[in-house]
Protein chains: 2
Amino acid sequence: MNIGEIARRAGVSRSTVSYALSGKRPVSEDTRRKIQQVVDELGYRPSASARALANGRTSTIGLVFPPAGNHYTGMQLDFIGSVVEAAAAYDYDVLLSPSGVDSDRSFQRLLGERRVDGAILMEIRLEDDRVDHLAALDFPSVAIGRTAHQEGSWWVGLDHTALAAACVHHLADLGHRRVAFVNRPEQLLRAGYESAHRGLDGFTKAAAERGLTVRTYCCGDDAASGQACVERILHDDPATTALVTLNEAALGGLYRGLAVAGRHVPRDFSVTGVVASRWAETVTPQLTAADVPAEEMGRRAVELLMERLDQPDGPPRHHLLVPPISLRASTGPAGTGTAP
Amino acid sequence: MNIGEIARRAGVSRSTVSYALSGKRPVSEDTRRKIQQVVDELGYRPSASARALANGRTSTIGLVFPPAGNHYTGMQLDFIGSVVEAAAAYDYDVLLSPSGVDSDRSFQRLLGERRVDGAILMEIRLEDDRVDHLAALDFPSVAIGRTAHQEGSWWVGLDHTALAAACVHHLADLGHRRVAFVNRPEQLLRAGYESAHRGLDGFTKAAAERGLTVRTYCCGDDAASGQACVERILHDDPATTALVTLNEAALGGLYRGLAVAGRHVPRDFSVTGVVASRWAETVTPQLTAADVPAEEMGRRAVELLMERLDQPDGPPRHHLLVPPISLRASTGPAGTGTAP
DNA sequence: GACCGTTGTCGAACCGGTTCGCGTGAAGTG
DNA sequence: CACTTCACGCGAACCGGTTCGACAACGGTC
């Protein structure tokens, strides 16, 4: 079941078998056929480990994402799916690594033990030791998201600042004056998660620009937290008429909280934010939102990584995406009065 | 950066370094310290490929799931997450393989090229060539789900038959007489997906037992399909007062369809089914459902696989889970009349 | 017929670990 | 002091591929 066995049965040397299969040197048609026949008969496939050892490439990329802790969001799922699929198109496998930081055992395995040719990082923080570490090593990697020091590195990101701002402008245009912001969980914000920070920034600045009265909240990644968050919002300022959220997983809870409080969406209260479309469409009324193009981002990340692997000395490339807001049904003109 | 370099710097032979690190033979305290020091200085970690080649184990397991096609469901996400996490606890990495069938390139890579020590299969079909193939090869694997021929194999499954039946009994006890069943997409049913078939069976038999009038539907894995499905249900039999679903991704759409039709849940219409709790809790009212213990299933699958890897000749083991129905808020007594 | 370039194949070295058998020097024993 | 015992460490072989340099056989040229 190894190359030597094939060589023996085909009556040639191991190197000839190797060349016949790889095509890196010409082999006569006769022997090639003979070899191919033996290979087919035995169902031989070269060992990935041996090949990886010999030519230094594993044909595997690592997908690094933070440990679940409690649970993953839908967006992460979409990334994972699209990365796996895109990688398969290049004949690459994907190795999952649940690493939050640089010093993770899992992260060390990926890099130190050279299990992968390159890596794609998810859930980037503004100051991200993983990114720094990889950059210092000049290890081929692409981030889905960007750190505070983005120059000279490879990434595909979403312009959360612009997207959150767009949401604010959309609401302001509709006449809303008191708007809340529902962010990712506080621990993620404190940890410096890119989306949480830039989204918050974009929201705050745009709101200031438009002279809105705002409050910002952090919210756990689950329905119960979303519901609780809405309660807090309406308690803190009952005159609030709209909210912007980055928190996909809390969305159902936000809606529930509003329903419980007797606020009809979009008549009494508008909701918008930055959410993948498949999740925006599961709630009723469907969420008007900047759709996170998770599939495209995953695919592009893989493309960039492949490019980087092909020519390690090429200039860094990146994509900054700014998807438009999809108008669905969760926002409307601000009502005339305050709370019902 | 390889073991020879370490040996040179520590002034010992390569084998000594190997033994010092693995502890498979005694090494004097002095040299061990010296070696460790060099290793720490250089940050040396042995190459995974070389090690895999030498000792025949990759410390990687494959997670085989069908290609996304369009998109993944939340349950799959939960499985992936829990498998990765459980595997990490055993110092195993997880390689993702989007394979529907046996003959997939990706599947062949996993097995033929010996990239993994074992595999966990998701989305099992009643007749599953992947399972048969692995069984024929005696390749260590554990299925999340079970085929029609489950004896003598390793799996962790959910008793969809019993769960769907429990849902029916729950509804029947509440007085519902006309109940619809919302299954996974038709193509999956036709392909022989286990959950779709057994769930349908359990539903049908229990309904017959209770003398209910039923209709069964297939429904795409997205909100729009769910909404359309409810329209069809109410069109086909407006007197329907309840539904049971296995289709997590359509849930939001089902609710929307009911809202659009003016049916209030649970006053006019009851909804229940088999759904992971985190999704059951995002809809309003929260879904009364048999909670799919995805986290536990993933973890147990890994545990079984580890066991099987440890003692390849042990007797096959499995777990059949039958989680209880969690009473939430989406079911209630059948109304007195028919449609509003 | 000596010379040359092609074409096809082979043997050997290498990738970076692990593992087996052996040798050596120190300690223990009679 | 000669003899075993034991703890340590070494060298070599091996895992299963890839790749390089060499070489044999061949047809074509002058």
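First the proteins, then the strands, lettered A, B, ... as listed; each starts at 1. It should be emphasised that the depicted structure is a prediction, and the values quoted were computed from it without experimental measurement.
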Per-nucleotide protein contact string for nucleotides 17-25 of chain D (B base, S sugar-phosphate only, - none; heavy atom under 4.0 Å): BBBBBB---

Strand DNA chain C in bracket notation, Watson-Crick/G-U under 3.5 Å with | for pairs to another chain: |||||||||||||||||||||||||||.||

Roughly how far apart are [X] [atom1] and [Y] [atom2], rounded to 0.5 Å?
| X | Y | atom1 | atom2 | answer |
| --- | --- | --- | --- | --- |
| A:Met306 | A:Asp91 | CE | CG | 10.0 Å |
| B:Ile61 | B:Ser97 | CD1 | OG | 12.5 Å |
| B:Glu307 | B:Glu303 | CD | CD | 8.5 Å |
| A:Ser82 | A:Leu77 | OG | CG | 9.5 Å |

Close residues, residues 27-34 of chain A, relative to DNA chain C [heavy-atom separation under 4.0 Å]: A:Val27, A:Ser28, A:Thr31

Pairwise side-chain contact, A:Leu158 with A:Met297, heavy-atom cut-off 4.5 Å (strictly under): yes

Output yes when [X] and [Y] qualify as a salt bridge under the 4.0 Å nitrogen-oxygen rule, no when they do not.
| X | Y | answer |
| --- | --- | --- |
| A:Glu194 | A:Arg125 | no |
| A:Arg130 | A:Asp104 | no |
| A:Arg299 | A:Glu296 | no |

Ring geometry between A:His318 and A:Trp155 (parallel below 30°, tilted from 30 to 60°, perpendicular above 60°): parallel

Nearest-angstrom distance from the residue atom CG of A:Leu53 to P of D:dC14: 17 Å

Salt bridge (charged side-chain N to carboxylate O under 4.0 Å, His left out) between B:Arg308 and B:Asp138, worked out: CA-CA 11 Å; B:Arg308 187 165 177 186; B:Asp138 199 27; 3.7 Å; yes

